[in-house]
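Computed from a prediction, not measured in an experiment: that's the story for all the values here.
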Protein chains: 4
Amino acid sequence: MKKTTELAPKTIAKRNDILRFSLEVFAREGFGNTDVQIIADLANVGKGTVYRHFGNKEQLFLATAKFSLEQAAAYVTKKIGGEEQVASVIGQHGATGLLRMIGTACAEYYRRHPQAVEIMIQERAQFRESVFPTHLMHREETRGGIDDIVAGAIKTGEFRKVNIAEVTTAYADLLYGSVVNGCLEGTKSKLVKRVDAALEIFLAGLKK
Amino acid sequence: MKKTTELAPKTIAKRNDILRFSLEVFAREGFGNTDVQIIADLANVGKGTVYRHFGNKEQLFLATAKFSLEQAAAYVTKKIGGEEQVASVIGQHGATGLLRMIGTACAEYYRRHPQAVEIMIQERAQFRESVFPTHLMHREETRGGIDDIVAGAIKTGEFRKVNIAEVTTAYADLLYGSVVNGCLEGTKSKLVKRVDAALEIFLAGLKK
Amino acid sequence: MKKTTELAPKTIAKRNDILRFSLEVFAREGFGNTDVQIIADLANVGKGTVYRHFGNKEQLFLATAKFSLEQAAAYVTKKIGGEEQVASVIGQHGATGLLRMIGTACAEYYRRHPQAVEIMIQERAQFRESVFPTHLMHREETRGGIDDIVAGAIKTGEFRKVNIAEVTTAYADLLYGSVVNGCLEGTKSKLVKRVDAALEIFLAGLKK
Amino acid sequence: MKKTTELAPKTIAKRNDILRFSLEVFAREGFGNTDVQIIADLANVGKGTVYRHFGNKEQLFLATAKFSLEQAAAYVTKKIGGEEQVASVIGQHGATGLLRMIGTACAEYYRRHPQAVEIMIQERAQFRESVFPTHLMHREETRGGIDDIVAGAIKTGEFRKVNIAEVTTAYADLLYGSVVNGCLEGTKSKLVKRVDAALEIFLAGLKK
DNA sequence: CATGAATGAGTTTTCATTCAT
DNA sequence: TATGAATGAAAACTCATTCAT
């Protein structure tokens, strides 16, 4: 009969409710212009409740950013599939195919959830922290990790001998730049194409 | 008898003073956390003066961003040199060499002026406007233009046949991603290397 | 679960507190010279509370003016009495007596509450709206209405045949002029006499 | 060759220029919302010039009010004519005719110059001073004065025996009330009629 | 004298955070 | 626990007034 820090189901539901609206409002208004009251109203809770759950506005935002990131990661993970599928993709299309697929998955997600991009930018602007794609990629590591993919490709001779860390970093930077600029430029609709085109060149540069 | 857009020498000096401190404070504190009074104090002028010059906080920020961009552009332009020099570089190192050089120049500038990166991010966050590298590149166009460089390289057979616009976009995105992430990750010192490494791969992907 | 226009007892009390001091300060300082902070301090609430209740300074003022008017109307209404009493007065003293009585009641009220006059003037000056005496009279209409009184007096032959609307307007204008000028001239003490004297002439002009 | 406080012709012209625009702006915006800069701009002088001429904003306003009043008085005076004409009017139409004529003249002026009404109200609101119609009437005194007119009418038997001061006050109050309410109610066009109707009743009340 | 750039005191308004209920 | 009224610190912005040129 533990009365520990267990999480009551209703509590969790409320928390997620709040985060959902938090995401929406922070993305729309920006951190500075967001009134916590609005979020509370949308989530149909008192402002005090929001504060009890998250402590303060900054922590609410950070939780929101984490929440947003998790959703993106979940999408990509699901899209890419489990280890077997990853192995299968590499078998058929090589590391190139896999990396392209990951990029496309990211692009798809952000095209459909531009709010997530806004959140990333707000996070940077307010907290100059945690590089998003790193996060995303870190998630991906659980299923191979970009580093591993690159390392494998070098071993198989698909890629020329390059510094693995540099490649991973560059890959993430390219993804980040394409998504951020592409998404906010008002060309969301062409986001996937933009990322594809960029990766096509980049990945060609890794070929032997 | 109202004066037109005459430019009093002292006025301009004061204006630039304000912008210099503006840049510093906005970069350090972020747009939302900046108190215009602080800027006025640093610039040794009354708050009213700041407002008379720039109208309001947002316009002050935008003027600051423009100011920052111009400085970056000036640096790169100077670094790359005039048309002759550009031609010379292309002759010796190809378009690849030139694009790498531009990237390096950008990286150098932003490593030494990380404030400029902060401003870019703040601008995005507050105004979701004007993609910086595009701007920067647009400047560069006056001395060749990325498009022209790429087009030339395709003609000479240095680059394979690719969609020029896509290349330019990808190039700018990669630069943007590398600079922003590299700079704010606290690895400023390695910024040039990061950009170089990324461009090395990217440009290799354009080779025939 | 937002509350509708429920009326919390304490809330109303606080609201009226604020209005009372609002009236005092606005009357003493004028709209432009009033600092909302002063009102908040006097009412013993935070400035934010004032703003939560009334939105902004203008609305606070308007609410104050309404409040002031209601008090004046309540005074006059009470003084004149119900329909029976009105009928009785007309029976004994004619419409002349009733109109004189209303004028006197107004004068009495404003002599004792010169703040109400100030508020009227401030309202005019700032918002050029809502003619006060009309308002006041409109209230009075509920118990006969000046128009009705005049109409009745014409029917009974007490008044000569005149344009009813013109009479009502002139009556209100005379009252307004006497109260405003009398009150602010520093001759408050003689306000009742001033109104009486003016009405004596005016009403004589209506006799057959 | 006196270099005394003589008033240079140009200086006077400038002063009047300023007052003219002052009147316009104060009437349109109200005292509190008027920016002296606007007046200076319209008058095509530096702000400093305005201040050198009038000292400060309040004095500028007061000078404006005086200016406005003088214009009104000049109009009425001209309309009524000199002493001979006054005597002639009294001979033909009695004091009643003259007082009605004065009222009409006022009404005409204010209908055509509603700004003057605004100024009166602003003056009251900001300075709670100098009752306008008194001023106007005081001017009129130079040509007979309301008091004299009334006194004369009593002597000739045109008016019944009334307290002269009270009549004058009531007359001015009625005028004030009619003009102010009539003018700002948006019924400017009917202002003359409104005043006429009111005076008709009022003056009838003075008849023997 | 004329000017208008510079100033900073003074106000309005917002909103994160608290806490009594 | 949940709430939302109350708070007041914090900032943006204005504009009367001054004074160096």
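Rounded to an integer number of Å, the gap from NZ of Lys57(B) to P of dT13(E) is 19 Å. The interatomic distance linking Leu60(B) (CG) with dA11(F) (P) rounds to 15 Å, in whole Å. Rounded to whole Å, atom C1' of dC15(F) lies 14 Å from atom CD of Glu29(D). Between the P atom of dT17(F) and the CG atom of Asn56(D) lies a distance of 5 Å, rounded to the nearest Å. Between the CD1 atom of Ile18(C) and the P atom of dA6(F) there is a distance of 8 Å, given to the nearest Å. For Gln37(D) and dG4(E), the CD to C1' distance is 7 Å, given to the nearest whole Å. The separation between Tyr51(D) atom OH and dA5(E) atom C1' is 15 Å, rounded to whole Å. Nucleotide dT14(F) holds its P atom 12 Å from the CD1 atom of Ile38(D), rounded to whole Å.
Ion pairing of Glu70(B) with Lys66(B) is present here, as a side-chain N (NZ or NE/NH1/NH2) and a carboxylate O approach within less than 4.0 Å.
Heavy-atom minimum distance, Ala27(C) versus Gln115(C): CB-CB, 3.6 Å. The shortest non-hydrogen separation linking Ser22(A) to Ile39(A) is OG-CD1, 3.7 Å.
Here the side chain of Lys57(B) pairs a donor or acceptor atom with the backbone of Thr34(B) at under 3.5 angstrom. Side-chain atoms of Glu118(B) do not come within 3.5 Å of backbone N or O of Arg28(B) as any donor-acceptor pair.
Side chain of Val36(D), nearest nucleotide from dT17(E), dT13(E), dA16(F): dA16(F).
Nucleotide dA6(F): paired with dT17(E) (Watson-Crick or G-U wobble, both distances less than 3.5 Å).
Regarding contacts with the backbone of dC1(E), every side-chain N or O of His53(D) stays at 4.0 angstrom or more from both OP1 and OP2.
Aromatic ring pairs are classed by plane angle as parallel below 30°, tilted from 30° to 60° and perpendicular above 60°; the pair Phe31(B) and Phe26(B) is parallel.
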Extract from the structure each pairing of a protein N or O with an N or O of nucleotides 7-9 of chain E at less than 3.5 Å, listing the distance.
| from | atom 1 | to | atom 2 | distance (Å) |
| --- | --- | --- | --- | --- |
| dT7(E) | OP2 | Gly46(B) | N | 2.8 |
| dT7(E) | OP2 | Thr49(B) | OG1 | 2.5 |
| dG8(E) | N7 | Gly48(B) | N | 3.3 |

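A heavy-atom distance below 4.5 Å is not found between the side chains of Leu62(D) and Phe54(D).
Heavy-atom nearest nucleotides on DNA chain E were determined for Asn33(C) and for Gly55(C), and the one closer to the 5' end corresponds to Asn33(C).
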